[in-house]
There are 2 protein chains.
Amino acid sequence: MNNAFKALSDPTRRRVLELLKQGPLSAGELAGQFEVSKSTMSAHFAILREAGLVASEKHGKSVVYHLQISVLEDALLGFARLFGWEMTAKPDATGVPDDRKETGI
Amino acid sequence: MNNAFKALSDPTRRRVLELLKQGPLSAGELAGQFEVSKSTMSAHFAILREAGLVASEKHGKSVVYHLQISVLEDALLGFARLFGWEMTAKPDATGVPDDRKETGI
DNA sequence: TCGATATTTCGCTGATTATCAAATTATTTG
DNA sequence: CAAATAATTTGATAATCAGCGAAATATCGA
């Protein structure tokens, strides 16, 4: 959980997670959304990966990242519970179009 | 919100918030719970204060800190909502004994 | 007013962080 | 195979961070 909170402390990384909530994206597609260099973004991806907040798969030339929503949920939920909050998932707020629901691709 | 997440990235500071959820404590009482020096703790308090997560009042010789629960809630809730989670306060999970409920002292 | 107590500020250090450009690795395609 | 593309690794730098002890500030009680 500590690594998760460390990873969440950077606004760039939080925005990466936010982009990934709508579905998987390649390193290049993600990096294209930010002003910083690709190597900097690669370092951010590594931190998110080590925290378990994202996972990656190599597809041909590109590396596709996707959100590990349960890890994010556990970190946030675990902490929120200490303060008497209950966190519940809204039925559908993933932003993933219906026709991609099952595959997750 | 960025400052709040920065402040939450340190485990010592998260534990401070956790201690304060049960009620206000002085700088000394808080520092006594940790292995680090009082000056280090004072720096942590300053970061939490600047993030708005705690507030302090001087009472005689001592400085009493208390949790600004709504600021913590807003930071966590604001972020959680981006991911389709609903955060609700449980009716009573403050840990504050009933006989102190009204005064908040 | 003097000494004790509580806390913060100051000056410093070593570790970590975010950043970049350049080099490297892996993969696809001509 | 060679060139092009995608991403990571490396090496370097400037900034921030957590930590300490010592000095400073403020308040209380004798």
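Only a predicted model underlies this, so the values are computations on that prediction, with no experimental measurement involved. Order of the sequence lines sets the chain letters (A, B, ...), proteins ahead of strands, with each chain counted from 1.
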Q: Could you list all the side-chain hydrogen bond (donor to acceptor under 3.5 Å, both in side chains) pairs where at least one residue sits in residues 60-73 of chain B, not counting sequence neighbours?
A: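 Only Arg49(B)-Tyr65(B) qualify under side-chain hydrogen bond (donor to acceptor under 3.5 Å, both in side chains).
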
Q: Quick one: which residue pairs count as a side-chain hydrogen bond (donor to acceptor under 3.5 Å, both in side chains) with a foot in residues 23-32 of chain B, not counting sequence neighbours?
A: Ser26(B)-Glu29(B)

**Q.** Residues which pass salt bridge (charged side-chain N to carboxylate O under 4.0 Å, His left out) with Glu18(B), listed by chain and number, not counting sequence neighbours
**A.**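 Expected list: none.
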
Q.
Using the salt bridge (charged side-chain N to carboxylate O under 4.0 Å, His left out) criterion, which residues pair with Glu86(A)? Sequence neighbours excluded.
A. Lys90(B)

Q. Could you give the start and end, 5' to 3', of the contact zone on DNA chain C for chain B, using atoms under 4.0 Å from its heavy atoms?
A.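 Contact boundaries, 5' end first: dT5(C) to dT9(C).
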
Q: Measure from the side-chain N and O atoms of Arg14(A) to the backbone N and O of Leu8(A), and report whether any donor-acceptor pair falls under 3.5 Å.
A: yes

**Q.** Pairs where residues 14-36 of chain A contributes a residue and the test ring pair (Phe, Tyr, Trp, His ring centres under 6.0 Å) is met, not counting sequence neighbours
**A.**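 For residues 14-36 of chain A: none.
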
Q) Pairs in or reaching into residues 8-31 of chain A: which pass ring pair (Phe, Tyr, Trp, His ring centres under 6.0 Å), with residues at least two apart or in two chains? A) none

Who are the side chain to side chain contact (heavy atoms under 4.5 Å, CB included) partners of [X], not counting sequence neighbours?
X        : answer
Ile69(B) : Phe83(A), Trp85(A), Leu67(B)
Glu50(B) : Ala46(B)
Ser39(B) : Ser37(B)

(Q) Return a single string for nucleotides 7-20 of chain D, one symbol per nucleotide in 5' to 3' order, where B is base contact, S is sugar-phosphate-only contact and - is none, cutoff 4.0 angstrom on heavy atoms. (A) SBB--------SBB

All N/O contacts under 3.5 Å from nucleotides 23-25 of chain D to the protein, with atom names and distances to one decimal?
none

